[in-house]
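For reference, the structure is listed below as structure tokens.
Within every chain, numbering begins at 1; the chains are lettered A, B, ... in the order of the sequence lines, protein sequences first and strands thereafter.
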Amino acid sequence: MLDMKTIRAEPEAARRAVELKGGDVDVGELLALDEERRGLLVRVEELKARRNAESKRIAERKKAGEDAAEAVAAMKAVGEEIKGLDAREAEIEAAISERLLRIPNVPDATVPVGATEDDNREERRWGEPADASFERRDHRALGEALGLLDLQAGARTSGTGFYFLRGAGARLERALIAFMLDLHVGEHGYEEVSSPYLVRPHCCLGTGQLPKFGDDMYAVERDDLYLIPTAEVPLTNLFREQRLTVDALPIHVTGHSPCFRREAGSHGKDTSGLQRLHQFHKVELVKLTHPDRSMEALETLTLEAETVLQRLELHYRVVTLCTGDLGFASAKTYDIEVWAPAAGRFLEVSSCSNFLDFQARRADIRFRDADKKLRYVHTLNGSGLALPRLMIALLETHQQPDGSIRIPEALRPHFGADSIGG
RNA sequence: GGAGAGGUGGCUGAGUGGCUUAAAGCGCCUGAUUGCUAAUCAGGUGAGUCGUGAUUAGCGGCUCCCCGGGUUCGAAUCCCGGCCUCUCCGCCA
């Protein structure tokens with residue numbers, strides 16, 4: 001969340017964030033509430049100062065054996081007045097924080113202004129689209145022909161949006177997860193973390209899924225837990241309420257988890273096959289950095305995610321999300337989109353974001369800087385990468401004219417073979 | 001699920017209504033001293049917020065001892081409710 005002091009000093013930034021990201025908070029009203037609260041504070045704190053001083057005098061007088069009944073009665077009245085003002089102040093404060101939690105993060109100055117994904121800015125492309133020397137089958141046809149994928153069975157057990165992988169399909173998923181984790185741990189210096197998949201509500205508040213996006217998550221109401229929509233939630237909250245030392249930064253953690261998403265309201269759009277699912281696997285990258293270094297950390301984070309695609313010999317591009325497409329908590333986001341030859345389009349496999357101190361403020365993650373001051377860290381995360389769409393691209397790109405799938409060199413040690421169906 | 005114990009600053013840990021302005025220790029910072037990455041001594045060292053002020057200073061107030069209520073002139077301390085942690089038992093992959 002944004003700091004009330006910052007909003008007070010620069011209300012235009014908050015207004016801009018609300019407007020560009022389609023928020024529903026009235027910043028003017030928020031400022032008025034803040035004004036009222038501060039006025040109230042001045043009054044009530046003055047009363048409390050009087051009460052404190054007078055109570056001390058009462059204690060002294062009682063010790064000296066003097067009568068203090070009159071002062072006690074007067075302070076009783078002051079106490080009542082304080083109670084009333086305190087209650088009013090608490091009400092206003094609750095109204096303020098409710099609004100603060102719903103104000104989105106301010107887009108970074110380098111983020112293109114725009115409404116939809118059409119306004120995103122392409123930064124670069126890597127590799128070439130697969131050659132068109134033969135008719136490419138899509139991942140559904142390939143998955144069916146090779147016995148890798150069973151969507152009908154997923155629908156029967158759990159509904160649409162769930163899938164079974166079988167045989168080499170399941171093995172491919174496992175190999176990709178292991179490959180990515182080994183890459184990030186071995187070459188990019190991340191600590192591997194295995195985390196809970198169910199979390200308490202305050203964790204979702206910390207990373208920004210709550211209060212605005214509760215409908216997007218599966219809730220286990222009986223136990224007041226949410227199924228994680230991404231490992232970002234536990235991996236970031238691993239550090240909640242921590243006081244880190246400056247030399248502990250940057251912190252790099254990676255982990256694999258299933259991700260659960262209700263995808264409410266997104267039916268019918270690009271949902272074919274493995275494109276959009278209620279449950280999928282993902283390897284996540286999370287960084288905590290010094291505030292001065294988060295923007296450069298976003299660049300390396302994105303490159304680290306890109307490395308996965310390069311090693312897997314997959315064509316991709318990187319785009320900067322425009323203001324309207326930018327997530328609630330993010331100040332700047334790069335999407336990595338992999339080319340799916342049969343689908344004939346780029347599929348998002350990673351979203352790399354810098355949240356600045358937006359999440360750190362909510363989750364209360366601070367560090368002691370060189371000057372001994374406590375400051376909020378900056379948090380970043382990115383997929384490294386999401387499995388189903390990665391598998392779509394891999395199957396469709398590396399299919400051979402004979403119907404088999406070539407396993408890219410880098411993946412073979414983990415997969416244990418150089419092709420599927422070859 | 002049952003029984004018990006407990007939640008106090010960066011950490012350990014005292015504190016059963018006003019002498020707490022939270023002891024002491026550790027850690028950290030500054031200085032002194034000793035001819036050498038150590039020892040000793042002295043001093044300092046929490047967070048949030050409001051006001052004032054101001055090149056991020058300084059000064060003053062208020063709040064904060066898990067959270068929320070209550071009692072009281074006054075609560076870390078007493079009462080009620082909740083959350084969490086630990087130990088043992090039970091159950092269990």
Distance test, side-chain N/O of A/Asn52 to OP1/OP2 of B/G74, below 4.0 Å:
no
Output yes when at least one side-chain N/O atom of A/Arg8 is less than 4.0 Å from OP1 or OP2 of B/C50, else no.
yes
If you check the A/Arg366 side chain, which of B/G48, B/C62, B/G10 turns out closest?
B/G48
Heavy atoms from C-beta onward define the side chain here; which of B/G61, B/U63, B/C50 lies closest to that of A/Ala49?
B/G61
Show me the side-chain donor-acceptor pairs of residues 254-261 of chain A shorter than 3.5 Å, one per line, residues at least two apart or across chains.
unit_1: A/Thr254; atom_1: OG1; unit_2: A/Glu284; atom_2: O; d: 2.9
unit_1: A/His256; atom_1: NE2; unit_2: A/His281; atom_2: ND1; d: 2.9
unit_1: A/Arg261; atom_1: NE; unit_2: A/Pro229; atom_2: O; d: 2.9
unit_1: A/Arg261; atom_1: NH2; unit_2: A/Pro229; atom_2: O; d: 3.0

Complementary nucleotide for B/G27 - Watson-Crick or wobble, under 3.5 Å:
B/U45
Under 3.5 Å, which N/O atoms of the protein pair with N/O atoms of nucleotides 80-86 of chain B?
unit_1: B/C84; atom_1: OP1; unit_2: A/Arg200; atom_2: NH2; d: 3.2

Return all side-chain donor-acceptor pairs below 3.5 angstrom for residues 2-22 of chain A, not counting sequence neighbours, or 'none' if the list is empty.
unit_1: A/Asp3; atom_1: OD1; unit_2: A/Lys5; atom_2: N; d: 3.4
unit_1: A/Arg8; atom_1: NE; unit_2: A/Asp34; atom_2: OD2; d: 2.7
unit_1: A/Arg8; atom_1: NH2; unit_2: A/Asp34; atom_2: OD1; d: 3.4
unit_1: A/Glu12; atom_1: OE2; unit_2: A/Arg15; atom_2: NH1; d: 2.8
unit_1: A/Lys21; atom_1: NZ; unit_2: A/Asn105; atom_2: O; d: 3.0
unit_1: A/Lys21; atom_1: NZ; unit_2: A/Gly327; atom_2: O; d: 2.7
unit_1: A/Lys21; atom_1: NZ; unit_2: A/Phe328; atom_2: O; d: 3.1
unit_1: A/Lys21; atom_1: NZ; unit_2: A/Ser330; atom_2: O; d: 2.7

Between side-chain atoms of residues 244-252 of chain A and protein atoms elsewhere (two or more places apart, or another chain), which donor-acceptor pairs fall under 3.5 Å?
none

Heavy-atom nearest nucleotide on RNA chain B for A/Ala73 versus A/Met4: which residue maps closer to 5'?
A/Met4
Every protein N/O lying under 3.5 Å from an N/O of nucleotides 70-72 of chain B:
unit_1: B/U71; atom_1: OP2; unit_2: A/Lys83; atom_2: NZ; d: 3.2

Charged N to carboxylate O under 4.0 angstrom, A/Glu98 versus A/Arg102?
yes
Under 3.5 Å, which N/O atoms of the protein pair with N/O atoms of nucleotides 18-22 of chain B?
unit_1: B/G18; atom_1: N2; unit_2: A/Ser55; atom_2: O; d: 3.0

